[in-house]
Amino acid sequence: MIFSKKRLSQKVIPPEIPTLPNHVAIIMDGNGRWAKKRHLPRLAGHRAGTGNIRRIIELFVDYKIGYLTLFAFSTENWKRPSAEVKGLMRLLDNVIGKEVKKLHEKQVKIVHLGNPEGIPDALRSRIEKAVELTKNNAKMTLNIAFNYGGRAEIIDAVRRIVSDGIAADNIDEALLSSYMYTADMPDPDLLIRTGGEMRISNFLVWQSVYSEYYTTPVLWPDFSKEEIDKALKAYAKRKRRYGGLDKEK
Ligand code: IPE
Ligand code: IPE
Ligand code: MG
């Protein structure tokens with residue numbers, strides 16, 4: 001039988017993963033340590049990490065995951081040396097330039113989570129164009145969290161609620177959710193952190209209250225399909241109770 005090249009390259013979901021999350025969020029950490037282990041400059045680690053982003057997005061499209069959120073640059077990452085910050089900006093610029101067409105063809109909708117202010121003009125306009133071009137795509141939503149901070153997002157939401165003149169009595173969880181960068185999106189089901197740290201580092205503070213947390217010591221540039229499958233298998237075994245009790249069998 002002859003298979004088309006496209007079909008052959010598609011990734012298959014292993015049978016041990018019966019339940020897939022609808023929204024996966026990833027703290028892509030460990031690029032610097034990946035480089036250090038190889039006696040390379042930190043930016044070489046970021047370059048390798050950026051290469052991995054491409055592979056991971058393709059995998060999630062093939063798995064038909066609804067939402068993928070990638071933490072690429074936090075509001076605190078400005079504290080790093082300016083050469084590293086500039087290098088990270090350049091890498092994101094390159095990756096958007098190279099990948100947007102392909103992502104559009106795969107009907108991926110790109111959304112920016114974060115504060116556009118502070119991002120250099122050229123990069124900001126590249127992000128805006130990518131968001132505009134892909135806004136009607138419906139296959140998978142790819143959230144790029146860039147210049148993103150969970151607390152900054154909440155402050156932003158509160159400011160807009162006040163400036164919209166919303167009465168105190170009308171403020172509830174649904175309203176606050178609708179003022180987040182992730183308005184209209186489901187909360188993440190699975191939150192993965194690579195690189196071994198066991199903290200949230202200001203990521204999706206509002207949205208992740210009931211996300212299943214998965215950490216692995218594997219550094220982001222090494223986070224392969226096999227590692228994703230491990231995380232998805234672990235997720236499939238979790239019992240989500242949301243404060244209630246397990247369903248009677
Ligand atoms: C994650 O890798 C990428 C960003 C934060 C931009 P790091 O650069 O934090 O890598 P480590 O934690 O130093 O290994
Ligand atoms: C979190 O990683 C931010 C991103 C992956 C973009 P950091 O490396 O900045 O987090 P800390 O400093 O270890 O908490
Ligand atoms: Mg780090």
Side-chain angles (χ1 to χ4, degrees), residues 20-32 34 45-77 88-100 102-104 106 108-116 119 123-124 126-127 130-131 134 137 139-150 152-153 180-182 185-195 197 199-208 211-216 218-225 227-228 231-232 235:
L20 278 175
N22 182 31
H23 184 171
V24 179
I26 309 182
I27 301 175
M28 308 181 290
D29 197 20
N31 293 348
W34 185 94
H46 293 311
R47 211 168 295 120
T50 309
N52 199 34
I53 291 177
R54 289 192 199 133
R55 293 192 286 273
I56 294 304
I57 295 173
E58 270 188 33
L59 181 70
F60 277 94
V61 172
D62 285 351
Y63 279 12
K64 299 190 171 61
I65 299 281
Y67 299 82
L68 174 64
T69 301
L70 299 177
F71 200 9
F73 192 88
S74 77
T75 44
E76 287 69 41
N77 289 146
L88 281 164
M89 302 284 153
R90 206 171 45 240
L91 278 171
L92 184 73
D93 207 315
N94 286 346
V95 80
I96 296 180
K98 279 195 199 136
E99 297 302 310
V100 165
K102 263 188 262 167
L103 292 173
H104 188 40
K106 286 182 185 279
V108 172
K109 175 181 177 172
I110 299 171
V111 175
H112 173 225
L113 307 186
N115 188 354
I119 301 176
L123 177 56
R124 187 167 70 190
R126 223 199 244 289
I127 295 172
V131 168
T134 61
N137 291 342
K139 205 152 180 196
M140 182 177 87
T141 297
L142 171 66
N143 292 322
I144 308 284
F146 195 87
N147 196 20
Y148 174 87
E153 178 180 33
M180 295 291 156
Y181 304 135
T182 49
M185 295 185 203
D187 288 340
D189 299 296
L190 172 63
L191 201 158
I192 298 172
R193 181 165 190 150
T194 63
E197 306 294 359
R199 57 175 168 256
I200 203 86
S201 298
N202 206 7
F203 189 42
L204 300 177
V205 172
W206 171 263
Q207 299 87 341
S208 68
S211 303
E212 294 298 325
Y213 199 42
Y214 178 91
T215 58
T216 166
V218 175
L219 305 172
W220 172 252
D222 296 327
F223 195 64
S224 58
K225 172 184 168 6
E227 295 299 331
I228 289 274
L232 294 174
Y235 171 80

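Atoms considered below: every heavy atom in the structure, side chains included; atoms not considered: hydrogens, waters and symmetry mates. Since this is a predicted model, take the numbers as computed values, not measurements.
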Distance (rounded to the nearest 0.5 Å) between [X] [atom1] and [Y] [atom2]:
| X | Y | atom1 | atom2 | answer |
| --- | --- | --- | --- | --- |
| Tyr235 | Leu20 | OH | CG | 8.5 Å |
| Thr215 | Asp29 | OG1 | CG | 11.5 Å |
| Leu142 | Leu113 | CG | CG | 9.5 Å |
| Asp93 | Leu88 | CG | CG | 12.0 Å |
| Met140 | Leu68 | CE | CG | 5.0 Å |
| Ile228 | Tyr214 | CD1 | OH | 9.0 Å |

Should [X] and [Y] count as side-chain neighbours, where that means a heavy-atom distance under 4.5 Å?
| X | Y | answer |
| --- | --- | --- |
| Asn137 | Leu103 | no |
| Met185 | Asn143 | yes |
| Leu204 | Ser211 | no |
| Phe60 | Ile26 | yes |
| Pro116 | Asn147 | no |
| Met28 | Leu70 | yes |
| Arg193 | Arg199 | yes |
| Val108 | Val61 | yes |

Looking only at heavy atoms, which two atoms of [X] and [Y] are closest? And how far apart?
| X | Y | value |
| --- | --- | --- |
| Phe203 | Ala25 | CE2-CB, 3.8 Å |
| Leu219 | Gly30 | CB-O, 3.7 Å |
| Gly150 | Val205 | CA-CG2, 3.8 Å |
| Ile200 | Tyr213 | N-OH, 4.3 Å |
| Pro221 | Ala48 | CB-CB, 3.8 Å |
| Ile192 | Ala231 | CD1-CB, 3.8 Å |

Query raised in the report: How would you list, by chain and number, every residue that makes a side-chain hydrogen bond (donor to acceptor under 3.5 Å, both in side chains) with Asn94, sequence neighbours excluded?
Result: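 Partners of Asn94 by the side-chain hydrogen bond (donor to acceptor under 3.5 Å, both in side chains) criterion come out as none, since no residue qualifies.
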Report task. Begin with the C-alpha distance, continue with both residues' side-chain angles, and end with the deciding distance and a verdict on side chain to side chain contact (heavy atoms under 4.5 Å, CB included) for Asn115 and Thr75. Result -> CA-CA 9 Å; Asn115 188 354; Thr75 44; 5.7 Å; no
Query raised in the report: Run the side chain to side chain contact (heavy atoms under 4.5 Å, CB included) check on Asn202 and Ser74 step by step: do they pass?
Result: CA-CA 8 Å; Asn202 206 7; Ser74 77; 5.8 Å; no
Query raised in the report: Got a sec, which residues hit salt bridge (charged side-chain N to carboxylate O under 4.0 Å, His left out) with Arg54, two or more places apart in sequence or on another chain?
Result: Glu99
Report task. Any chance you could lay out the side chain to side chain contact (heavy atoms under 4.5 Å, CB included) test for Thr194 and Val218, step after step, and finish with the verdict? Result -> CA-CA 6 Å; Thr194 63; Val218 175; 5.6 Å; no
Requested in this report: Anything under 30° is parallel, anything over 60° is perpendicular, the rest tilted; go ahead and classify His112 against Phe146.
Outcome: tilted
Query raised in the report: Relative to the ring of Phe71, is the ring of Tyr148 parallel (under 30°), tilted (30 to 60°) or perpendicular (over 60°)?
Result: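 Rings of Tyr148 and Phe71: perpendicular, as their planes differ by over 60°.
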Determine yes or no for a side-chain-to-main-chain donor-acceptor pair under 3.5 angstrom, with [X] supplying the side chain and [Y] the backbone.
| X | Y | answer |
| --- | --- | --- |
| Glu227 | Asp222 | no |
| His23 | Pro186 | yes |
| Asp62 | Leu59 | no |
| Asp189 | Asn22 | yes |

Report task. List the steps, then state whether side chain to side chain contact (heavy atoms under 4.5 Å, CB included) holds for Leu232 with Tyr63. Result -> CA-CA 11 Å; Leu232 294 174; Tyr63 279 12; 3.6 Å; yes
